[in-house]
Amino acid sequence: LPISTIVASATALPDPSPQPPAISSRPAATRLPTTTTTTATTMAAQNSNANADAMTALLGSDVLLTKDGERPTSEVLAGKVTLLYFSAHWCPPCRGFTPKLAEYYNAYKAAGKNVECVFVSSDRDQASFDEYYGEMPWTALPYDARSAKDALSKKFKVSGIPSLVIVDEDGSTITTDGRAAVSEDPTGEEFPWRPKPLKELLGDEFVGKDGMVPASSLEGKTLALYFSAHWCPPCRGFTPKLAELYNTMKASGRDDFEFIFVSSDRDQEAFDEYHAEMPWLALPFENRKAKAALSSMFDVSGIPSLVVVDAEGNTINKSARGPAGSADAAETFPWHPKPMEDISEGVECNGFDINEKAAIVVLSDGMADTAAVRAELLGVAEDIAAKGKEAEDKEPEFICFFASSSEGPVGQVRKLTKQPETAGANPTLLILDIPDNGGYYVSPATEVNGATVRSFLEAYRAGSLERQQMGR
């Protein structure tokens with residue numbers, strides 16, 4: 001199993017189940033059309049060049065391998081919606097999906113779609129890469145561009161293959177669940193699968209306890225989208241707790257929120273049985289396309305998962321399951337992300353979980369008093385969160401945790417990072433980089449304060465730390 005699955009296995013399971021400019025006309029004597037056209041052409045060329053540069057930067061390689069040899073990335077992907085295909089010959093599901101993807105790709109090309117596909121290989125050697133790429137009709141990242149491949153896998157949080165990520169002409173992400181997008185649209189009628197607005201995806205009505213409820217009744221309310229399924233044991237364990245919280249919040253007189261069940265059940269009967277246990281609304285089970293689009297929109301790769309959005313559809317917290325399980329959950333709703341969390345209570349922090357973002361972890365569960373360590377780490381965490389809001393992708397570089405006790409995932413973290421089962425009196429400072437195929441780093445510091453944490457981070461960024469590999 002992937003390391004990410006190991007860390008989440010006790011609490012989550014993978015979820016199986018995107019106006020043309022007006023052309024003005026003026027008398028020829030004014031020569032304005034020529035100037036306007038020239039300006040528009042220049043701007044279009046500039047945009048095209050900028051997009052090509054963005055794609056080159058995204059791929060991390062100046063060249064791509066084509067059936068006619070290597071060509072500049074900027075030329076191959078200019079003006080193209082790009083499918084990044086993470087795959088490998090040794091992977092049976094990949095070998096099953098590749099012929100289907102080739103069929104879709106050829107159909108899109110035949111229909112004149114501005115699409116290209118890039119094979120991003122996880123093969124074990126050049127010979128395997130060459131053999132597998134020989135079966136594909138598209139382009140490929142050169143096999144020896146291993147660092148570029150690793151960077152792409154980390155950027156798009158690829159924890160399993162086959163995986164298909166769709167990016168727009170300018171390099172922006174359309175969806176990380178490209179497999180669902182192309183499989184449900186083999187002829188490309190909805191190409192390029194850009195995401196629809198949240199309200200459109202949710203539809204006009206929901207399943208209520210006494211019949212259908214119009215979406216208009218939710219206007220102005222904060223929504224919590226609950227991704228879950230009856231077949232999932234962690235879901236069945238979490239649902240009663242969430243229902244108790246929901247009922248408590250409603251009993252307090254609040255009417256500014258609603259929860260919506262987004263089902264990954266396998267059939268209508270299972271959906272009906274499971275929804276009967278819930279006091280909230282549900283997306284109609286038959287709306288499978290909307291369910292898939294919502295999972296893609298919020299990067300839901302495991303269930304149970306809880307996403308909170310405001311009345312305008314803006315994401316407040318896409319990893320809200322942890323905050324929803326806290327003792328003060330009713331008072332702190334809608335659970336705005338915090339820069340630091342207690343890992344003994346969960347693996348989510350600042351809108352991400354430990355499986356998708358590098359994490360600073362201070363194992364302080366053996367200390368008599370953690371207040372000073374928490375205060376020092378919080379200062380670092382707040383700086384990281386503030387810089388993340390200013391970053392291009394609006395994401396923090398790290399998420400930050402302390403451990404107040406040895407409960408919850410703490411024992412698992414100790415086991416994976418080969419730390420003593422029993423916590424000592426001194427804190428242990430770690431960086432867990434699960435997206436980097438389960439890498440981790442241990443600080444030699446026995447005292448944890450702002451200075452030691454910042455120094456540790458600088459060494460990590462400089463690549464001067466010894467990378468270790470997580471194990472069971």
Side-chain angles (χ1 to χ4, degrees), residues 7-8 11 154-155 157 222 224 298-299 305-310 314-365 367 369-405 407-410 413 427-436 440-441 443 445 447-461:
V7 171
T11 53
K154 188 171 183 178
K155 175 178 177 61
K157 305 177 180 71
T222 299
F298 297 112
D299 297 323
S305 184
L306 193 64
V307 175
V308 182
V309 298
D310 66 18
N314 302 308
T315 303
I316 294 176
N317 193 334
K318 70 182 184 70
S319 293
R321 183 184 160 204
S326 63
D328 60 350
E331 293 75 28
T332 57
F333 182 83
W335 309 311
H336 289 279
K338 297 178 183 178
M340 182 182 74
E341 296 283 1
D342 186 349
I343 198 169
S344 65
E345 296 182 357
V347 295
E348 296 170 329
C349 175
N350 205 6
F352 297 89
D353 74 40
I354 206 166
N355 298 304
E356 60 182 359
K357 181 70 66 174
I360 303 166
V361 179
V362 177
L363 296 176
S364 49
D365 45 316
M367 299 180 66
D369 184 1
T370 63
V373 167
R374 289 168 58 180
E376 292 284 334
L377 181 60
L378 180 59
V380 177
E382 288 175 337
D383 287 347
I384 291 171
K387 290 178 181 177
K389 291 177 181 178
E390 301 299 322
E392 184 178 352
D393 59 5
K394 304 300 181 185
E395 295 187 4
E397 182 184 8
F398 300 92
I399 52 177
C400 301
F401 297 92
F402 67 94
S404 65
S405 74
E407 302 297 317
V410 174
V413 171
T428 302
L429 175 59
L430 306 167
I431 291 177
L432 306 187
D433 197 352
I434 293 175
D436 182 28
Y440 74 95
Y441 305 82
S443 169
E447 179 181 354
V448 175
N449 54 43
T452 57
V453 175
R454 293 178 198 280
S455 175
F456 189 43
L457 295 184
E458 287 305 314
Y460 169 84
R461 295 180 183 117

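Predicted model only: the values in this text are computed from it and were never measured. Nothing fancy with the numbering, it's 1 onward along the sequence.
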L363 side chain near L430 side chain, heavy-atom distance below 4.5 Å:
yes
Please report the C-alpha distance between E447 and N449 in whole Å, then the side-chain angles of each, then the deciding distance to 0.1 Å, and finally whether the side chain to side chain contact (heavy atoms under 4.5 Å, CB included) criterion is met.
CA-CA 6 Å; E447 179 181 354; N449 54 43; 3.5 Å; yes
Given D383 and R454, is the salt bridge (charged side-chain N to carboxylate O under 4.0 Å, His left out) satisfied, shown in steps?
CA-CA 11 Å; D383 287 347; R454 293 178 198 280; 2.8 Å; yes
Spacing of CD1 belonging to I399 relative to NZ belonging to K338, to within rounding of 0.5 Å:
14.5 Å
Pairing of K387 and E395 as salt bridge, 4.0 angstrom limit:
no
With a 4.5 Å limit on heavy-atom distance, are the side chains of I316 and V309 in contact?
no
Could you go step by step and tell me if E397 and K357 meet the salt bridge (charged side-chain N to carboxylate O under 4.0 Å, His left out) rule?
CA-CA 8 Å; E397 182 184 8; K357 181 70 66 174; over 6 Å; no
Tell me whether D310 contacts the main-chain N or O of N314 through its side chain, where contact means a donor paired with an acceptor under 3.5 Å.
yes
Are the side chain of E356 and the backbone N or O of D353 linked by a donor-acceptor pair below 3.5 Å?
yes
Test T222 against F333 for side chain to side chain contact (heavy atoms under 4.5 Å, CB included), laying out the working first.
CA-CA 10 Å; T222 299; F333 182 83; 3.8 Å; yes
Say you draw a straight line from OG of S326 to CD of E345; how long is it, rounded to the nearest 0.5 Å?
7.0 Å
Side chain to side chain contact (heavy atoms under 4.5 Å, CB included) between D433 and K154: does it pass, once the steps are laid out?
CA-CA 10 Å; D433 197 352; K154 188 171 183 178; 2.8 Å; yes
Taking all heavy atoms of P339 and all of A381, pick out the closest pair and write down the distance.
O-CB, 3.4 Å
Would you say the side chain of M340 lies within less than 4.5 Å of the side chain of F402, judging by non-hydrogen atoms?
yes
Just do the side chain to side chain contact (heavy atoms under 4.5 Å, CB included) check on W335 and L306 with the steps written out, would you?
CA-CA 11 Å; W335 309 311; L306 193 64; 3.7 Å; yes
Report yes if some heavy atom in the side chain of V361 is under 4.5 Å from a heavy atom in the side chain of I431; otherwise report no.
no
Which pair of heavy atoms, one from I354 and one from I434, lies closest together, and at what distance?
O-CD1, 3.5 Å
Given side chains that start at C-beta, do those of L457 and I384 come closer than 4.5 Å, heavy atoms only?
yes
So does K394 have more than 12 non-hydrogen atoms from other groups sitting under 6.0 Å from NZ?
yes
Between H336 and N317, which heavy-atom pair has the shortest distance, and what is it?
C-ND2, 4.3 Å
Shortest non-hydrogen contact from S404 toward S344:
OG-OG, 3.3 Å
Lys/Arg-Asp/Glu bridge criterion (N-O < 4.0 Å) met for D342, R374:
no
Any donor and acceptor pair, going by atom type alone, linking the side chain of E376 with main-chain N or O of G450 inside 3.5 Å?
yes
Should V362 and T428 count as side-chain neighbours, where that means a heavy-atom distance under 4.5 Å?
no
4.5 Å side-chain heavy-atom contact, L377 and I360
yes
What pair of heavy atoms forms the shortest contact from S319 to E348, and how long is it?
O-OE1, 3.2 Å
Does the gap between the ring centers of F398 and F352 come in under 6.0 Å?
no
Looking at F298, does the NZ or CZ of K318 lie under 6.0 angstrom from its six-membered ring centre and within 45 degrees of the ring axis?
no
With no hydrogens and no angle check, is any side-chain donor or acceptor of T332 less than 3.5 Å from a backbone partner on D328?
yes
Grab the two heavy atoms, one from S364 and one from A403, that are nearest each other, plus how far apart they are.
OG-O, 2.7 Å
